[in-house]
Every structure is written in C-alpha cells, then in structure tokens.
There are 2 protein chains.
Amino acid sequence: MSGTATKARDRHQEILDAAARVITERGLAETRIADIAERTGVSPGLILYYFDSKDRLLSEALTYANDQFYLRMSREIRRIDSAREQLRRLIDLSVPGYLPEYGRLDEWALWVEVWVRALRDPEMAKDREALDQRWRNQIAEIIRAGQASGEFTSTVPAEELALRLACLIDGLAIQVVMNDSQVTPERMHRTCMEVAANELGFAL
Amino acid sequence: MSGTATKARDRHQEILDAAARVITERGLAETRIADIAERTGVSPGLILYYFDSKDRLLSEALTYANDQFYLRMSREIRRIDSAREQLRRLIDLSVPGYLPEYGRLDEWALWVEVWVRALRDPEMAKDREALDQRWRNQIAEIIRAGQASGEFTSTVPAEELALRLACLIDGLAIQVVMNDSQVTPERMHRTCMEVAANELGFAL
DNA sequence: ATCCGACTTGACTCACCGTTCAAAGTCGGA
DNA sequence: TCCGACTTTGAACGGTGAGTCAAGTCGGAT
C-alpha cells in the first residue's frame, strides 16, 4: 500500500520534472505529450494515466518548477545574517546565467510562459499571483530586517520598496533571458545593486 | 496598376490589424487562420494568399502592433515641451488601463506573446531587440533633455537611467495586465513617478 | 466585346497529436 | 502458487486546423 503510494508519487514528480525540462527547451506551445513521455522514459499512454489532461499537466509543471526555484532561493537566504548580504545573494540568484554553478535552467523562460497562460487561464492566474506574492514578501522581509537593523536607512514602507525591486528585477531579467545585447548579466546585476542602494539607502 | 497595388497594401494591413486584434483576444496559441479570416471578413484561403504561412503572419502582426503603439506614443510626446511632462505622459501611456480614453487594447498582452516567441524564433528575437532599443532610446532622449535643461539633477548617464525606468515599467505593467490585486494601475503610476523622481532627481 | 491577370472562394487533403482502450506485465499478500 | 489491484504499453481513433487547388469573379486594357 505505502510502497505503491510512494512509487506513484515518484512517477508523478518524475513526470512534472521531465515536463518542466521539455517546456524550458521547446517552449510551452511546442511541447507534446510524446516529448514528455520520451524524456521520462515511459510510453505516452502513461502520462495520461497520471494526469487527467495535457493542459493540467502543463499548468502543474509550471507552478511546480517555479516553486522549486523559490524554495531553493529561500533556503539559501535563510542561512545569511546580514540583510545586505541577503539582498545581494537574492540578486545574484535572480540574474539569469550570473552564477555559473547554476546551469542555464532558465527559470525566467518558464515565468514568461506562466504569464502568457495566466492571461487567459484563471487557475493559472491564481497560482501566479500567489507565487508573485510570496516572492515579493520574501524581498519585503529582507528589507524590513535591514530597516530594523539600521542597514537600510529608507523610511519608505518595506512592502513598497519590495515591489519596486521585484519589478525592476522582472523587467531586467526579461532582457537578459532574451539575450539582449545591451543588457548582459553583469549589467543587470550592477543595475539592481545600484538601484537597491539608492532606494533602500545604503552605500555600495 | 496603382489601384491594384493600393488595394493589395490595404488588404495586407487589414489582415495584420485583424490578426493583432484576434491575438489580443484569444492569445497567440489559440489564434487560428479561420479566426483572422472571419475578423477580416474574407475567406480563409485569402489569408494565405497574402502571407506565406501562419507563422510569418503572426510574427508580422506582433511587430506591427507594437510598432503602432510606439508611433502613437512618440507622436504624442513630441508635442510636449517640458521633459518632466513628457516623462509623466510616457508613464500615463505605459500603465495598462490608466487612461480611460485608450480602451483595453492591452498592448502589454501582446508584448508577453512577443517575449515567448522571441525565446525561440531568431527573427522575432531580432525584431524584439530593435523595438526595445527604440523604446529605451525614446526614454533616454527625454532624460537627456531634462538633464540639459536642469529639470533632472542626476548625473548618472541617461542611457542607464532609461534602462532602469524601462525595466521597472515592464515589470510593473506585467503585474497590472495580469490583474494582480496588489498592483492597481494607480499604484503602478504612483510607483513609477516616485522612482523616477528619486532616480532622475526632481521633486514630485 | 474580349481577354488577361489579379483577386477571391470554399471545399479538400493531409499530417499531427491528444486521448482512449484492450491487453499485457508486475508485485505483494493470502 | 494464485489472485487481484495497480501499472504500463502501444496501437487505434477522431478532431482539428494549416495549407492547396481548381474554379469563379471582377476590372481594366486592347
């Protein structure tokens, strides 16, 4: 019984994982069930045994992948004391391709797919808002800590500062993930740090 | 001869227009040739008489629509003298749904579709970069003018300030177009103005 | 009036892919 | 060893929609 349940949960996750990778490579629109089956190493029929429909699978895969990303980042940041260093680390991790050790799994490419889908699918829209909320909260927490400790001198509400920073990161990350020749990972990083210093009130 | 050529160019544009509208409504993925034909008021066959393939048509439609948006904004801004007022107007026009007179044609929804496509289609990627370049230049021009006239006191290069502002606008517009409950059009507008004031150096 | 070329139609073809299903395999427990 | 439930397969089905094409329309030029 429990053995079966475990096995089933593994398959479930295995498929979500494969799906996320295929979507990253081929794009949501070009992702076929057959691709996901092949990547998982099973027959196409099995995919539909675990998921009611392609659509549900794709939606789940998108939120799953972004969830993973958030959790990884959250874990890393919790280990750091200084709010300033937490912020730096958050920016490091947000710049696509900035840290060589995190290969080009391009979470941001998945985000863009989430946006497109959320535009029409209410279910996805709800998930997206929750994900974004959590992300902005994470940033706001850091800022609040910095304000409390005196590391950041701005008296603007942390929640507002978090919105500014989160959206700047989004906008820049888009350019970077698109390979814009003017916006390299290094430049995005520098820009984020400078704006953060200006807005939060700390010296670089 | 010239009559024919004119007519043909009209049809071309008519189709692009219809395509842009259909894409805005249904999304790129759900847009069928039959939809565009219906919206144009012609038979499906005719669409492929004017465009080699659905893919080319959709790509053209996306850049065409964003081009239109840029031109309209550019025209409006050129009529204003003060750099500060130019900037305010640019922000007005950038916030989805902020000005009631511009109905919800949601250029930003099209931008997201452009991004997804540019991720894989090199042709689209080239167009996107050019479009973005021009947009950032537009902002940089305004900033340069304001720096020259003393309206803006920041000495950071205009090009860098333009990147910061452009990306902030992108990031916020995404939230707004997604109907994020925390990020209303009014809030986006306020945030843009405040960050602009901070970064460029002017009083609100 | 007739012809010619551009424009337009809509029915047809054809490939593709999500989904279904019957049959086969696997495995743990009685 | 056998039973039954869960898992897995891969072939078959069916809908969909892009792209083709042969035939028709129309207007202007000769």
Side-chain angles (χ1 to χ4, degrees), chain A residues 1-62 64 113 116-117 120-121 123-124, chain B residues 1-62 64 113 116-117 120-121 123-124:
Chain A
M1 237 353 154
S2 110
T4 302
T6 302
K7 200 171 171 186
R9 204 174 323 121
D10 285 353
R11 260 287 132 90
H12 211 262
Q13 205 145 308
E14 221 182 328
I15 294 173
L16 284 176
D17 232 70
R21 242 177 275 139
V22 173
I23 297 170
T24 309
E25 279 168 22
R26 309 187 41 118
L28 195 57
E30 302 296 309
T31 295
R32 290 160 296 175
I33 286 194
D35 299 322
I36 299 170
E38 192 184 8
R39 176 61 68 99
T40 315
V42 299
S43 76
L46 197 65
I47 303 296
L48 279 265
Y49 176 76
Y50 283 97
F51 293 86
D52 294 342
S53 73
K54 183 196 181 186
D55 249 40
R56 264 223 241 300
L57 163 55
L58 294 181
S59 293
E60 268 191 58
L62 286 175
Y64 168 80
E113 304 281 8
V116 167
R117 184 161 271 236
R120 267 116 205 154
D121 171 358
E123 197 67 30
M124 190 83 252
Chain B
M1 238 351 158
S2 112
T4 302
T6 301
K7 202 171 171 185
R9 205 176 320 123
D10 285 352
R11 261 288 133 87
H12 211 262
Q13 206 145 308
E14 222 181 327
I15 294 173
L16 285 177
D17 232 70
R21 241 176 277 140
V22 173
I23 296 171
T24 308
E25 280 168 23
R26 308 186 44 115
L28 195 57
E30 300 297 308
T31 295
R32 290 159 296 174
I33 286 190
D35 299 322
I36 300 171
E38 192 183 9
R39 175 62 66 98
T40 315
V42 299
S43 75
L46 197 65
I47 302 297
L48 290 173
Y49 176 75
Y50 283 97
F51 294 85
D52 293 343
S53 75
K54 183 195 181 187
D55 249 40
R56 265 224 242 299
L57 163 56
L58 293 181
S59 293
E60 270 192 57
L62 286 175
Y64 168 80
E113 303 281 9
V116 168
R117 184 161 273 236
R120 266 113 206 157
D121 171 357
E123 196 67 30
M124 189 83 251

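Protein chains get the first letters and strands the later ones, always in sequence-line order, with residue 1 at the start of each.
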side-chain N/O B:Y49 vs D:dC21 OP1/OP2, d < 4.0 Å: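 Result: no.
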So, is A:R11 near the phosphate of D:dC6, with a side-chain N or O under 4.0 Å from OP1 or OP2?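 A:R11 to D:dC6 OP1/OP2: no side-chain N or O under 4.0 Å.
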Round to a whole Å and report the spacing from [atom1] of [X] to [atom2] of [N].
| X | N | atom1 | atom2 | result |
| --- | --- | --- | --- | --- |
| A:I36 | C:dG18 | CD1 | C1' | 11 Å |
| A:E30 | C:dG18 | CD | C1' | 15 Å |
| B:I15 | C:dT8 | CD1 | P | 8 Å |
| B:E38 | D:dG17 | CD | P | 13 Å |

Any idea which heavy atoms bring A:A61 and A:I23 closest together, and the distance?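 Scanning both residues, the minimum pair turns out to be CB-CD1, 4.2 Å.
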Dot-bracket, 5' to 3', for DNA chain C please: Watson-Crick or G-U pairs under 3.5 Å, [ ] where pairs cross earlier ones, | where the partner sits on another strand, dots elsewhere. ||||||||||||||||||||||||||||||
Nucleic acid contacts of residues 51-61 of chain B, taken as heavy-atom distances under 4.0 Å to DNA chain C: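 Per residue number, the list is empty: none.
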Under 3.5 Å, which N/O atoms of the protein pair with N/O atoms of nucleotides 11-15 of chain C?
none

Considering residues at least two apart in sequence or located in another chain, which fulfil the side-chain contact (heavy atoms from CB on, under 4.5 Å) criterion with B:R26?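 Only B:V22, B:E30, B:T31, B:R32, B:D35 meet the side-chain contact (heavy atoms from CB on, under 4.5 Å) criterion with B:R26.
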With sequence neighbours excluded, tell me which residues meet salt bridge (charged side-chain N to carboxylate O under 4.0 Å, His left out) with A:E25.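 If we apply the salt bridge (charged side-chain N to carboxylate O under 4.0 Å, His left out) test to A:E25, skipping adjacent residues, the hits are A:R39.
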Counterpart residues, salt bridge (charged side-chain N to carboxylate O under 4.0 Å, His left out), relative to B:D17 (two or more places apart):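 B:D17: salt bridge (charged side-chain N to carboxylate O under 4.0 Å, His left out) contacts with B:R21.
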